[in-house]
Amino acid sequence: MSSQKKRATKVDPFKHRTEVDPKFFDKSWKKLDDAIREIYNHNASGLSFEELYRTAYNLVLHKHGLKLYDKLMEKLKGHLEEMCRSVEDAQGCLFLEELQIRWDDHNKALHMIRDILMYMDRTFITTFKKTPVFDLGLELWRDIVVRSPKIHGRLLDTLLELINRERMGDVINRGLMRRSTNMLMDLGPSVYRDDFEKPFIEVSESFYSVESQQFIECCDCGEYLEKVQRRLAEELERVSQYMDAKTADKITSVVETEMLLIHMQRLILMENSGLVNMLVDDKHEDLTRMYNLFKRVPDGHSTIRSVMTSHVKETGKALVTDPERLKDPVDFIQRLLNEKDKYDEIISVSFSNDKTFQNALNSSFEYFINLNNRSPEFISLYVDDKLRKGVKGANEEDVETVLDKVMILFRYLQEKDVFEKYYKQHLAKRLLSGKITSDEAERSMLVKLKTECGYQFTSKLEGMFTDLKTSQDTMQSFYANISGDTDGPTISVQILTTGSWPTQPCAPCNLPPEITDISEKFRAYYLGTHNGRRLTWQTNMGNADIKATFGGRRHELNVSTYQMCVLMLFNSADGMTYGDIEQATAIPRAELKRCLQSLACVKGKNVLRKEPMSKDISEGDTFYYNDKFTSKLVKVKIGTVVAQKETEPEKMETRRRVEEDRKPQIEAAIVRIMKSRRVLDHNSIITEVTKQLQSRFLPNPVVIKKRIESLIEREFLERDKVDRKMYRYLA
Amino acid sequence: MTITGASEKVALQALKASDWHLEGAFDFFYRQPQISATNSQHLEDLYNRYKEPDADMVMVDGVSQLCIDLQVDPQDIVMLVISWHMKAATMCEFTRQEFIGGLQSIGVDSIEKLNEKLPSLRAEIKDDHKFCEIYNFAFSWAREKGQKSLALETALGMWRLLFAERHWPLIDHWCQFLQIRHNKAISRDTWAQLLEFVKTLDPQGLSSYDEEGAWPYLIDEFVEYLTVNGYVQRRK
C-alpha cells in the first residue's frame with residue numbers, strides 16, 4: 001500500500017550513513033598509529049598531512065574523541081618507553097647526548113602530531129577539559145623519561161658533575177648543558193627548579209663552603225677577595241651560558257654567603273693583610289675590591305666602617321698623646337693633615353665617596369683631636385707658621401687649599417674659644433713684628449673663620465688689622481707735621497685699641513733719652529688730635545733697629561725694646577753690673593734676665609760679654625760691650641718676639657683665663673633660655689645650654705650647675721617650691 | 001599638760017576635739033592660735049628690763065640676762081625657737097616689736113610663764129613642719145648683717161645644734177667635709193637643699209642619690225667624698 005496522497009515533494013537532507021562501518025574507528029586509528037610510528041622513525045616525509053588531519057577530524061566529529069585521546073596517550077607512552085630504554089642504555093658521556101637527541105626527536109614528533117590532531121585540540125579537549133596534545137606529550141616525556149628512576153638521578157648527577165668539573169677548570173660541552181636545562185625549563189618551571197636548580201644550589205653551597213675554607217687557610221685577605229671576585233664573575237657567566245636567568249641571584253647569594261658572609265670577621269680582621277693593613281699601606285685596589293664585595297653582604301659595610309673607625313681613633317690617639325710628637329706643634333698638625341688627606345683619598349678612590357664613611361672618619365677625628373687639650377693652640381701655631389713663612393713653593397691657590405684643610409681640623413675642635421685666644425695672641429705677634437708675608441692670606445683666614453664662627457669671633461681680629469692701618473696713616477701725618485730736627489731716631493708707632501689686642505699690663509721702663517724725646521713729641525701730637533684718649537707705651541712688645549760697630553765692622557741689630565734700652569746704656573759705659581742695668585732701665589726682673597741672656601749668652605748673637613761666663617744670669621754678673629762680636633750678616637736679628645709654644649705656667653694662665661671667660665657666656669645662655677622658657681628642669685637646662693654653646697666650646701655640666709647656683713644666689717632664678725628639680729625665672 | 005604646758009581647760013578641749021586620742025590632741029593643741037592671755041604692761045616691763053640702756057633694742061647683754069633668768073644655756077636650742085617666734089632678724093638682737101610680739105605669740109608675759117613654756121617650745125622641734133620652718137629661719141637669723149651667705153663656722157655651729165635634736169648620722173662627716181673642701185660661706189640654696197637631702201635620702205646607703213638630681217654641687221661633692229672614703233656604699 002503505497003498510494004498515499006502525494007503532497008509537496010519533500011526532499012530529505014542527504015545523510016551520510018557511513019556509521020554503518022563498525023570498524024571505522026579501528027581503521028582510522030590504524031592510519032594514525034602508523035603515521036605516528038613513521039614520524040618517530042624519522043619517516044615523516046612520506047606522509048600526507050591532509051589525509052591524516054582529515055582522519056583525525058572525522059574521528060572527532062563522530063564522537064570518538066575520547067577513544068582517540070586514550071589511544072594517543074598509549075601510543076606515546078609506548079614510544080617514550082622505548083626511547084627511555086635507549087637513553088638508559090647509553091654509556092658514560094653519551095648519556096646526555098642520547099637524551100638530547102631523543103628529546104629533539106620527541107619534540108619534532110610532537111609538533112607534527114599536534115598539527116595533525118589540531119581539531120581535537122580545539123574542540124574535544126577544550127570541551128572535556130583534557131590536557132592539550134603538546135602539553136600531554138611534554139608531561140609524558142617528563143614522567144616517563146626524565147623522571148624514570150634510572151634516568152632521573154643520573155641526569156642530575158651528570159649535570160652537576162659537569163658543572164663541578166667546569167668549576168675546577170675543565171672545559172665542558174656547554175651547548176649540551178644548555179639544551180638539557182632548556183629541556184627542563186620547557187617541561188615547566190617547577191621541573192627546572194626541583195629537578196635541577198634546588199640540588200644545584202645545595203651542591204654549590206657545599207662546594208663553596210669547602211673552597212672558602214681552603215682558601216682562607218692559605219690565602220691572605222687580598223688574594224682571597226680576588227678569588228671571590230673571580231668566582232662571582234664565573235658563576236654569573238655560567239648562568240648566562242646555560243641556565244635560567246633567575247638562577248643568577250640564587251647562585252650569587254650562595255657565593256656571597258659562603259665565601260664572604262661566613263668569613264667576614266676573619267677576613268676583615270686578618271693579621272697582616274686585613275682591612276687595617278690595607279688602610280695603612282694605602283692598598284687602594286684591594287680596598288676597592290673589599291668595599292664592592294662587602295656591599296653585597298648584610299652588615300658588610302658597617303663592619304668595615306667600625307673597624308676603620310677604631311683604627312683611625314687608635315692611631316689618632318697614639319699620635320696626639322705621644323710626647324715626642326708634642327714637641328713640635330707645626331709637625332704635629334702637619335701629621336694630622338697628612339692623616340686626613342690619606343683617608344680622604346681612600347674614601348674617594350676606594351669607597352666611592354660613601355658619605356657614611358666620611359661621617360665615620362669625621363667622628364673619629366673629632367674624637368681624638370680633642371683628647372689633647374693643646375690641639376687648639378697647636379692649630380693656631382701651625383697657621384701662624386704658614387702665614388709667616390708662606391707655604392713652600394706655593395702659589396695663592398695652594399695657600400688657600402692648606403688653609404681650607406686646616407679649617408676642617410678646626411671644625412673638629414670642641415674648644416674653639418681656646419683657639420680664638422691663641423690665634424689672637426699669635427696674630428698680634430705677627431702683626432707687630434711687621435712681618436706679614438701675605439696680607440691676602442691673613443685676610444683669607446679671617447674670612448674663613450668668620451664664615452665658620454660668625455662675626456663676633458673675628459670682629460676683634462679685624463680690629464687689629466684696622467688699628468695697624470690707622471697707625472700707618474697717623475705716622476704719615478705725624479711726620480708731615482713734625483717740625484724741628486729730624487736727626488734723632490725715627491719712630492714708628494702702632495696704636496692698639498685696648499680690648500682688641502691681647503695685651504698684658506706692662507710696667508713702664510726707662511727709655512733712652514733719644515727715644516723719650518721723639519716719643520713724647522708723638523704723644524703730644526696724637527693727643528692733640530684725639531683728646532680724651534689715653535696712651536700707654538707697651539715697652540714689652542716693641543722692637544728697634546740699632547746701628548752698631550763691632551771691631552770696625554758695621555752691623556744693624558734688630559732687637560726688642562728692652563734690649564735696646566740695655567744696649568744704649570753701653571754708649572756711656574763699657575761695663576755695667578746687673579744691678580746698674582736694672583736700676584737704669586727699670587725693666588722687671590724676669591724680663592731683664594731673659595733679655596740679658598739673649599744678648600750675652602746666645603752663640604752668634606752675643607753682642608755683650610758676661611762675666612762670669614755662665615749660662616744663667618745672676619745678679620752678681622757684669623756685662624761688657626763685646627767688641628769681639630762678629631757675624632757674617634750685616635743685619636743681625638736678636639729680637640725674641642716670635643710666637644712659640646707656651647711654657648707650662650703660661651699655658652695654665654691662658655686656660656684659666658679661658659675658663660673665666662666661659663662663665664659669663666654660660667650664665668648668659670642660662671638666662672636667655674630661662675627667660676624664654678620661664679620654668680625648666682635641671683637636665684633640660686644642661687642640654688639646652690650645651691646646644692647653644694657648642695659652636696664655641698663644650699661646657700662642663702658641673703660648671704653649668706655652679707652657674708645656676710650663682711644665679712639663684714643673685715636672685716635671677718629660684719627653685720620651684722614643690723619640685724626641687726625645676727627652676728623658675730625671676731623677672 | 002606636762003608636755004605642752006597648757007592649762008587644764010585647754011588640755012581637756014584638745015582631748016575632746018581629738019576624741020581622746022593623745023596624738024590628735026597634740027596636733028589640735030598646736031594648731032590653735034595661742035590665746036593671748038598676756039598683759040601688755042607686763043610685756044613692756046619685761047622688755048625694758050632687758051633692753052639696752054641707750055638703744056631701743058635687746059642686745060647681747062640683755063640676751064645673756066634673759067638666759068640667766070630662764071636658767072638656760074645661751075646655746076640651748078630653745079633660744080632659737082624663741083627667736084623664731086619673735087621673727088628676729090638677727091641673732092642676739094631683738095627689736096621692741098620682735099620681743100614683745102614674739103612673747104605675745106607664745107602667750108606669755110612673764111619670766112615664770114615663759115619658763116613654763118620652755119618644754120613645749122622645745123617640743124616644737126620635733127614637729128616636722130615646724131622644724132623645717134625653724135631650720136630655714138635659722139639661716140637668715142644667723143647671718144652677719146648685710147651678708148648674703150652664712151659664714152662657715154656659724155653654719156657648722158647651727159647645723160650641729162639643729163641636728164643634735166633631729167638625729168642625722170652624717171652630720172659629722174658633713175662638717176668635716178666642709179672644713180676640708182669648702183672653706184667658704186654657705187649659700188641659702190645650699191642650706192635649704194641640705195634639709196631636703198637629709199629628709200629624702202637614707203643615710204645608710206645613699207642608694208637613691210641621683211647625680212642628675214639637680215642637687216647643689218656641694219652636695220654632689222659631699223656624696224663623692226663619702227663614697228671615695230668608704231663611709232657609705234653606693235649601690236647603683
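At distances below 3.5 Å, not a single donor-acceptor pair connects side-chain atoms of A:Thr458 with backbone N or O atoms of A:Leu449. When atom types are taken as modelled, the side chain of A:Arg325 and the backbone of A:Val320 share no donor-acceptor pair closer than 3.5 angstrom. Between the side chain of A:Asn370 and the backbone N or O of A:Glu366, at least one donor-acceptor pair lies under 3.5 Å. Of the possible donor and acceptor atoms, one in the side chain of B:Tyr47 sits under 3.5 Å from a partner among the backbone N and O of B:Asp56. Counting only distance, with no hydrogens or angles, the side chain of A:Thr687 and the backbone of A:Asn683 share a donor-acceptor pair below 3.5 Å. With hydrogens and angles ignored, the 3.5 Å screen pairs a side-chain donor or acceptor of A:Lys705 with a backbone N or O of B:Trp215.
For residues 81-91 of chain B, an interface with chain A (any heavy-atom pair closer than 4.5 Å) does not exist. Contact residues of residues 695-703 of chain A toward chain B are absent (heavy-atom distance under 4.5 Å). The interface of residues 707-723 of chain A with chain B, defined by heavy-atom distances below 4.5 Å, comprises A:Glu709, A:Ile712, A:Glu713, A:Arg714, A:Glu715, A:Arg719.
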task: Step by step, work out the salt bridge (Lys or Arg N to Asp or Glu O under 4.0 Å) result for A:Arg662 and A:Glu659.
output: CA-CA 5 Å; A:Arg662 285 180 180 176; A:Glu659 292 295 336; 3.6 Å; yes
- request: Report the C-alpha separation of A:Arg655 and A:Glu377 in whole Å, then their side-chain angles, then the decisive distance to 0.1 Å, and conclude whether the salt bridge (Lys or Arg N to Asp or Glu O under 4.0 Å) test is met.
  value: CA-CA 11 Å; A:Arg655 179 138 296 264; A:Glu377 186 195 347; over 6 Å; no
query: Between B:Asp76 and B:Arg122, does a salt bridge (Lys or Arg N to Asp or Glu O under 4.0 Å) hold up when you go through it step by step?
result: CA-CA 10 Å; B:Asp76 191 321; B:Arg122 286 219 176 78; 2.5 Å; yes
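Judged by a 6.0 Å distance limit and a 45° cone about the ring axis, B:Arg160 is not positioned over the six-membered ring of B:Trp174. Within the cation-pi definition used here (under 6.0 Å to the ring centroid, within 45° of the axis), A:Lys706 qualifies as a partner of B:Tyr217.
Atom OG of residue B:Ser105 and atom CD1 of residue B:Ile100 lie 12.5 Å apart, to the nearest 0.5 angstrom.
Take A:Tyr729 and apply the ring-ring contact (aromatic ring centres under 6.0 Å, His included) test, not counting sequence neighbours, and it matches no residue.
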